[in-house]
Each structure stands twice: as C-alpha cells, then as structure tokens.
Student: 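Please see the structure below; I have some questions.
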Protein chains: 4
Amino acid sequence: MAHNNLPKNHASLVVHGEDRSGIVAAVASVLAKHGANIVSLDQHSEDPEGGAFFQRTVMHVPDLTAAMPALTAHLEAVVGDELGLEWRLRDLSTPLRVAILASKSDHCLLDLLWRQRRGELPISVPMVISNHTDVAEDVRFFGIPFFHIPTPAGGDRTEAEAEIVKLLADNTDLVVLARYMQILSGSFLKEVGVPVINIHHSFLPAFIGAGPYKRAKERGVKLIGSTAHYVTEDLDEGPIIEQDVVRVSHEESLAELVRRGADVERQVLARAVLWHCEDRVIRNGNRTIVF
Amino acid sequence: MAHNNLPKNHASLVVHGEDRSGIVAAVASVLAKHGANIVSLDQHSEDPEGGAFFQRTVMHVPDLTAAMPALTAHLEAVVGDELGLEWRLRDLSTPLRVAILASKSDHCLLDLLWRQRRGELPISVPMVISNHTDVAEDVRFFGIPFFHIPTPAGGDRTEAEAEIVKLLADNTDLVVLARYMQILSGSFLKEVGVPVINIHHSFLPAFIGAGPYKRAKERGVKLIGSTAHYVTEDLDEGPIIEQDVVRVSHEESLAELVRRGADVERQVLARAVLWHCEDRVIRNGNRTIVF
Amino acid sequence: MAHNNLPKNHASLVVHGEDRSGIVAAVASVLAKHGANIVSLDQHSEDPEGGAFFQRTVMHVPDLTAAMPALTAHLEAVVGDELGLEWRLRDLSTPLRVAILASKSDHCLLDLLWRQRRGELPISVPMVISNHTDVAEDVRFFGIPFFHIPTPAGGDRTEAEAEIVKLLADNTDLVVLARYMQILSGSFLKEVGVPVINIHHSFLPAFIGAGPYKRAKERGVKLIGSTAHYVTEDLDEGPIIEQDVVRVSHEESLAELVRRGADVERQVLARAVLWHCEDRVIRNGNRTIVF
Amino acid sequence: MAHNNLPKNHASLVVHGEDRSGIVAAVASVLAKHGANIVSLDQHSEDPEGGAFFQRTVMHVPDLTAAMPALTAHLEAVVGDELGLEWRLRDLSTPLRVAILASKSDHCLLDLLWRQRRGELPISVPMVISNHTDVAEDVRFFGIPFFHIPTPAGGDRTEAEAEIVKLLADNTDLVVLARYMQILSGSFLKEVGVPVINIHHSFLPAFIGAGPYKRAKERGVKLIGSTAHYVTEDLDEGPIIEQDVVRVSHEESLAELVRRGADVERQVLARAVLWHCEDRVIRNGNRTIVF
C-alpha cells in the first residue's frame, strides 16, 4: 500500500471566511516567502462587494516536511489572527484513513476498494464494518480488516453504534457509508467526530428516504440519479457533494433501474470521496463549494 | 408552410390494451393485406405473462389517402372489436395544429417557432396566445397570429380562460405551454378537449411549484433540469414525457442558473412536442411509454 | 453460478435480410401458433420502399424447451425457406460462454467478472487468458481458470495464437479483449470462429491505433472516449457496438486522462458485452443495428 | 443594445508565461493596491516544477474607469517588465464587437443573435456577412446590418475576401464563422487581424473536412459531435475551445443526423463565443486553457 501515486511535496491550503480586499495577495505572499510554488488556485466570492470568500491552493514546496512547521505558524499569524479567516493545510502525500460502512450490496464498497488498490484514491482503508457478512470474504481478499456488527431489526441500535464508534475512534479521518442501510443517530455523528459521506440512490431532493427506485418507476421519470452528501441529523438533507443521472425508459423493470442506478451510485460516491480527500470540498452552510 | 419534410404515404398506428398472445400477428396481418410495408415497429409488454400491451408501428402505404378508409374499417373490426384494444391511426404527412401559450419569456416559444419554420417539427402553429405583449412582434415576424389575453393579477381567471378556449376551439390538436406562467383550471383542461403539454423548469418530482431555480440554488444541487409533461389538474404531477439536466456549480448565480436552465427547457420541450406529434407517446396511467 | 436472473422460458428471435411487405405478419403468425407471447419487438427498415430489414423479438413461451424443436423447424420453413431471410433463435435462459483476453490492466476485466458474479451479465466465463500474470490472483479469486500465454516482444505470435485457439476451441461463444494489448492476426480471427469484441480507448474514428490518450492530450480535445467494436482484420475499423465520452480539461495530466478514460472503457465494454449476449446487436456491413 | 447584464466595474486580467514562484502574490499585490477585490481566480501550472503558467482573475474595482490607467501602468511595470509575462486587462462592461459570417444555414447564426438580444452574450454584432441571401431578412429583423458577398463557385475568392476584410476593418474584435461554408485563406486570416472562431460539425479530430455527418453515418458511430475552434491555416486543426456530442442510433437517417447535430453545433458555438468574450480562453500552442 505504497501510495506511490500521491504527489510528493505538495500541499493543499483551504481558506474561507468573510471576504475583503487583499486576501489573495496576503496568502500568496506568505506562501512565496516559504518557497512554495502555486500549482493551482481556485477562488470564489459569493458576492463581488462582500459576503463569503473561499479559496483552495495547491502548492509545491521543495522540502515540504521541513517547511511545514514554519509555514503553519506563519499562516496562523497572517490568515488566522490578522485576517480572521478559517484555514487548513494538508500534506497531500499523506493518505486519509477512510473507514467504510456497508450492508449487503457490494457495488459501492468494491469500487472504492478497487480504486484504492489501483492508486486512484489518496486513501488507506483501515477497516470495513457491516451489519451483514455478505461482503466479508471480498473485503479480506483486499487485505482489509472486516468487522461484523449486526443491528437488531427494528430494535435499539445504541449498542451497535457504540461498538462502531469504539472501532473507529482515532483510526479514521472519514467515514463512508457505501449503501449502509441503517440510519445513524445524531449522537453517533457527534461521537464519531469525523465527516461522514453517504450515497443516496436518488437525485436529491427527489425521492428522499426509502425505496427511491421504486418511487422513480412509479412516477415515470426519464432519468434516475444518485447523490453523495455529508450526513447530518436530517435524513438525506446534508450538503450535496456530487450528483449524476442516467437515462431510463419505460422498458426497464425495477430490477433494471436498480442495476443501472448502481453504476451511477459507485461513480458518484467515488468522485465525492476523491474530492473530499483532495480537500476540494468546502462546506458553506448546507451547500458545498467543490474546487 | 409547405411541410415538405413530412413523409409522404406514411402512417403511424398505435395500439394498446390488455396483452394476449397473437396481437402483433393480427395487427401485422391486417396491415399486410392493405399493402402496408412496416418501416419501424416498437412493442412493449409490461409483464411477460399478462398486463398491458403497447405498440407503435410506422408503415409505408403506396397510396395512403386511397387506402385509409378500408384500412381504418379493417383495423376497427380486428383491433377494436375482435381484440378489444384501443388504437389510433395517423397520416404522418398531415401536420398537427399546435397552439402555443406563452408569457414574457421567449426562449421556449421562439425555439418551437424556429424549428417549425425549419421543418424540424411536423406541426403548424395556428396561433400564439400570451398574457403579455412582449413576444408579439417576434411571433408576427413568423407570420403567426398573436392574441393578447391578459389575466388579472391574483384575480379571477375564468373570463380569460373562456376567451382562450373560444380561440382554440376546433383550431388546435395540441396546446403547448411554453413557460406560460399561469395555472390552468380543471374546467379549462376539460373544455379545451385536446392534450396540453407543459415545460416545468425543474427535474420533477424535485422542486414542484414556483421558484425551482431559486430552490435549487438554496439546496445546493449539482445538476439542474427540466421536465415536459402532460398537464393534469394536479400541478406538476402529470405524465412525464421527457426530462434532461445540465451540470452547475457553486460559481453560478441564480441568474446564471436561469440562463443555463433555459437551454435545457427549450430542448426538452421541443423533443416532447416532436414525439407527441409523431404519435410516439402513449399514456399509461400517470406514466408514458415513449417509442 | 446459478444465473438465477436469466429469464426463464424467454427466447430472442433475430431476423434480417431483404425487406418486403408482410415479414412482420409472417413471423408473428409463426410465433403465435406456438403459443409464444411477444414481450418486446424492435424492427428497422433501412428504406421505406425496399432495402434491408432487421427485427428482434423477445417472446415468452410457457414451456420453451419443449416448444423449441417445432418452433425452430417452423421458422426455418417460413422465415428461411419461404421468405429467404437469415434468422437466429436463442433461449435467453442459457448464458453465453465468454472467454476474456487481458494484459496487465485490470479495470475492464474485473468489471466484467464482477458483473457476471452479480448476475448482471447473462454469461459464464470459462477462462481468462493473459500475456502477463498481473491479474492471475484476482481471476482465480472469482473461481475462474487463468492461463498465462506470454507473447514474445516484437517476435512471432503464431505459436501463442495457436495455443489460445486450442484453449478456446469449443469452449466459448464470444471472445472479449479486455484491454488485451496484442493485435490478433486474421488467421486467428478465422480459426477462433466466434465473434471477438474489443474495447478501444478512444472515440473512433479519432485516434485509431496506439497511444490515443497521449494523442488526445496533444490535440487538446475537450472530451475523451471509448469504443467497443467487433474485431476485424482492419485495426480499429470493425463495426462499432457502443461508444461514450467524458469531459476533460486542461487541468488533467495524461495520467488523469488514462484514469478517467478507464471508467468509460469498462462501462462501454460492459454494455457492448451485455447487448451482444442478449442478441441485441445485428451486423449490417461495417455498422451495427443495436435494438 | 443596452447590455444591462454586463457587470459594472468588473475587469478580467489574464496572465501567462514562464512559471516561477511568487507570480500570484505579485499580481495580487498590485491589484490590492488599486482597491481591486478579487471575485474569482483560476490558475494553472503545466508542471509543478516549472513550465507554463496561466492565470485569469476577475476583480471588482469600485470606480473601474478611473482606476484603469494607473492599474494598467502598474501591471505593465510589475507583470510585463519585472516578471516578463504576457498579460491583458479587459473592462468586462464593454461588449466585444463580434462580426458573423454565415452561408445558408440559420441555426448557429440565429442562436447567436437571439442570445445577444437576450443579454446572454457580452457582445454587440456590428454586421453579418453571407455568400447567400437566405438569412438576410432574419438578420435585419434583429436590427443588424447584413452584407451579401457572393463567392464564385470553385473560382477565385481573393476579391470576395478583400471585400470582407474591408467591411470588418476596425469594426470587429472577433469573427465568428457560423457554418460559413467557405475556406478562408491564410492571407485573409492575417489581414483580418482578430481571432476567428469556427464551428466544425464533427467531434474533431474525427471527420476533418467536408461531409462529416455523411461519413459518421457510413462509419456507424454511436455519437455525433461538434467542435468550436480558433481558425488557423490548417483546416480544422486549430486550437479547440469546446466540443460536445449527442447519442444517435441506426434509426436515424442522414437528414436526422444533420438535424440532431445542428442542436449541438449551436450550443457548442455559443459556449465558445461566450467564453472567448469573457476572456476565459488562453491559447497554449495548439491547445487552449479554458478557465
């Protein structure tokens, strides 16, 4: 698991907060002083005469590890203290630790594991947790620990959630729900302490909740879709990271919608996980900026 | 308005009803006896062992006008009486008369007029009716009668609707709402007596009702869409004919969403009108079969 | 390998040849006499007044196995002898045997194996053959025999091809080149005696031959694509079954084009294999009809 | 021609040249000193450790007209002289003057005129020139001068080109070939002295030259496309600005490909013109950066 594809000596810097004149110059001046060469920069202002400011910069620093402490201190002084903005700096050669929760379906899960193995995703996968055992053998074939934590049908999930939190604690930077068919409680989200990304099998806000393909079939829509979003306490209402659709017709049965949709789900989820892990996604209230 | 592009001596036959073995053979035998050569045939059964049956056939008949009466009688005897199915036969060289209702926006309206003039749509446009006068000059440039029927803001629209019905009576085979920003009453739909197609500026069932682009912006969706559907008494709930989407990002203001969406609207509506006028669309409860 | 998803008692019938009035009726009458209920029917005529005729029918026959011999004989008498058309009847509950040839890349190969296991493709995979060993372990994890047949770099491939033909003989109904980076000789294609489908990593006819992503980058195209086609003696010139594209920008390096393209490749190939195995594809000279 | 939609007090700054550390900081510092607030910034480096640098900045300056001279001088001193980079500054409230050359087809032409009238394109259209008169009436309905300059079939076009150059001289910032079916000479391109954008009716580099839809039909492709590119002396070989495709099938005749393709052409061309006029396109050899 060498992650040879991760860019050496590259860091991403995300800055956001209240817009004012001179932020780009101030940030770029700090970077220049530490020998950073800006490789790409995306900036967005909500309103030309005020409002929120968002910026993501990717930079190359000849000896990043050595430069990191001084760069961090300097950014804190200028961007945090002087300008009063939020900021975060990530060494892009360090993969994020992404734990995956799944149920019986394998399509989203296997796609993530395969992309990770292939070097397409800047992540390591410390574990896969499922309330079923269907995917156990596949997961272990990838050399990844698998934990089976069943959830009582219709019953109290407090204990199961506590066990999951215990396994994840300090071992993960992101939790991905790869068609995990359980609703997580608000207290779980709080205790787990890292972002949680879910893939919902509809084009939100259409068909929130259970059975979206069945309802899509019944409504007679001509496109079906998927949505990757950050999980919040409100079911399927969190900030959307990515969506996509595929054309369907009257010819397709519900089973075929499920199959066609699965292809969209795994792609949308993979893109959302990639973008999150490259620190391209900034939450802006209940929406996202994706640079 | 020569409609030189309409296929001479071509007819479409739509058959639907309860499925049973032998329908295709029976229908094809009737056609063969009248010298019809089947040019394309699409057939769909909801369930392999029963359920609803749908079929659309396009045929070439050497002298269609002469053959029409006998063919019609024969179809009624076999398809209507013997098989107990619904059917309709259309001479595809006769354009449908399509009246257009619009408000201030010109994009859907002009696209339809332009496609009609260009010979892309097998339609004639007997009139355009609007509750505003913004588009009058454009419409008349196309040589099409324009009628201004204002609707009292927030008031009773009964009189306006009655006037529209009077203009449309016997002059139209289809009514198209090309971003007509008025809700039509159930009694209007009944009295007008022909199908009504609307373009809704969202990917239904997401953002039913007013202000879909604004709500799309607020929800932070990554795709915006449009839906063409038959109008029923339930707002934005009628059978969907066509939908499409376009990718948007955080960069786009509400005004830009409106502009980007307009491009999707006019294309989706044009496809729906084309398909309806080629008799490709069969209503199946609140859904459609589009062959 | 239960293929529980394959439709029981369903058959597809493909008919093609010179168009004339009455074919649909004649074929449908034969089917009706054997108790077949037509589930879907697609028909295409190249020219309303003559030219080539193509038809695919899917039917449900209550006891297909028992009905097969009489149905076959009847079709031969009417469709083959009387009408002089080519035809083929396939029991859709019997999976096609699909042998896969691969090299080092795993994306197209694994996607096919995974879809097969999942029940998405109506196929069995009797073997995977590669000129490298990189994918051996993955293939065997799926319980599928793997054969390593190296090809001498720049040397004579006659012997390798002969070995492959020997392995495939009588064991396969279709050969799929899942990014098999070797050009197969005309005599191989002849001896193997079954169709061969290839995935080319460009939007043909753009970038025929080697290095399409590199050439796409150099030309500065804004979309990259993939093409699945039947293999003929002329490199990348065979009948196209399916194509698709994905949007790229100046930001993407060659490595990223390769990664983005791989996603398109595996989807395009999977669709082409599915459609071939459902007998939806009819060759029409160097083009295809896909019903 | 009020162009009320053009952003007041907004300018775009494009900078490109050899990459080195500190460019972003230097440019942003200049802008900050003149009270410019950066509204959006896109930056791209070809290579993290050197190579070419590209940047586009959109800024809001409270009183842009007053600030322009000092800002220009300062940029020339720092960006031009000190850093040795190429740069250009555009007041985005001034529309570009775009002359359109057309032949008989109206779809691309009318789409541009309609978008201009609607306020979607930051352009004025000083004139339309055609070698036919088919579109004259439409053009004049939009209140735009029309000039008919016929070109001798198969003959010498030198005189016609000279006339066109004379009409365009000092009156245009961009020439758009909206399906102008004449090849322009190298000397014309030189004399006209402004960029020329063409729409080619294929997905380049497939089907370079004449008759792309016919050749697409013959090759049996499953998608047809369009390409907008800057015109150079090499036919259809200039830098690509935008491309798109639409799915087609065996059912579609050549006439239908032409019709379906026309929809793609007008959209691709409109996007390319918009992006050029917002100064989003930077030529990089025979490729483009589109921010």
Side-chain angles (χ1 to χ4, degrees), chain C residues 42-48 51-52 54 202-208 212 215-230 236-254 264 268 271-272 275 280-291, chain D residues 42-48 51-52 54 202-208 212 215-230 236-254 264 268 271-272 275 280-291:
Chain C
D42 291 283
Q43 191 268 333
H44 173 66
S45 296
E46 280 200 312
D47 186 322
F54 304 91
S202 85
F203 181 74
L204 289 176
F207 308 123
I208 288 177
R215 286 149 68 203
K217 179 78 187 162
E218 284 162 5
R219 181 61 188 91
V221 293
K222 300 300 184 186
L223 302 164
I224 56 169
S226 302
T227 305
H229 63 94
Y230 289 114
D236 300 335
E237 295 282 8
I240 293 169
I241 304 169
E242 171 62 340
Q243 304 187 288
D244 216 337
V245 294
V246 68
R247 190 162 281 275
V248 295
S249 83
H250 61 268
E251 285 184 73
E252 281 151 301
S253 64
L254 176 55
V264 184
V268 166
R271 287 204 289 266
W275 296 343
R280 292 179 180 276
V281 189
I282 312 177
R283 291 172 69 152
N284 178 24
N286 203 43
R287 292 177 287 166
T288 62
I289 310 293
V290 181
F291 280 131
Chain D
D42 291 283
Q43 190 269 332
H44 173 67
S45 296
E46 279 201 310
D47 186 322
F54 304 90
S202 83
F203 180 76
L204 290 176
F207 308 122
I208 289 176
R215 286 149 67 202
K217 179 80 187 160
E218 284 163 4
R219 181 61 188 92
V221 294
K222 302 300 184 185
L223 302 164
I224 55 169
S226 303
T227 304
H229 63 94
Y230 290 114
D236 301 334
E237 296 281 8
I240 293 170
I241 304 169
E242 171 63 338
Q243 303 186 288
D244 214 338
V245 294
V246 68
R247 189 163 283 273
V248 295
S249 83
H250 60 268
E251 285 184 72
E252 280 150 303
S253 64
L254 176 56
V264 184
V268 166
R271 289 203 288 265
W275 296 342
R280 293 178 179 276
V281 189
I282 312 177
R283 288 172 72 151
N284 178 23
N286 203 44
R287 291 177 287 166
T288 62
I289 310 292
V290 182
F291 280 131

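Numbers restart at 1 for each chain; the letters A, B, ... are given by sequence-line order, proteins then strands. Scope of the values below: all heavy atoms of this structure, side chains included, with no hydrogens, waters or symmetry mates.
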Student: Write down the atom of C/Ala228, the atom of C/Val268, and the distance for their closest heavy-atom approach.
Tutor: N-CG1, 3.6 Å
Student: Would you please name every residue forming a ring-ring contact (aromatic ring centres under 6.0 Å, His included) with D/His229, sequence neighbours left out?
Tutor: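 Result, ring-ring contact (aromatic ring centres under 6.0 Å, His included) vs D/His229: none returned.
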Student: With chain D, which of C/Asn284, C/Ile241, C/Thr227 has the greatest number of heavy-atom pairs at distances under 4.5 Å?
Tutor: C/Ile241
Student: In terms of heavy-atom pairs under 4.5 Å, which option from D/Arg215, D/Glu251, D/Glu242 contacts chain C the most?
Tutor: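 Highest number of heavy-atom pairs under 4.5 Å: D/Glu242.
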Student: When heavy-atom pairs shorter than 4.5 Å are enumerated against chain C, which of D/Glu237, D/His44, D/Arg219 gives the highest number?
Tutor: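 Ranked by contacts with chain C, first place is D/Arg219.
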Student: My understanding is that only residues two or more places apart in sequence, or in another chain, count here; which of them pass side chain to side chain contact (heavy atoms under 4.5 Å, CB included) with D/Glu252?
Tutor: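 Listed in chain order: D/Val248, D/Ser249, D/Glu256, D/Leu257, D/Arg260.
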Student: Using 0.5 Å steps for rounding, measure from the CD1 atom of C/Ile240 to the CZ atom of C/Phe203.
Tutor: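 Taking CD1 in C/Ile240 and CZ in C/Phe203, the distance rounds to 7.5 Å.
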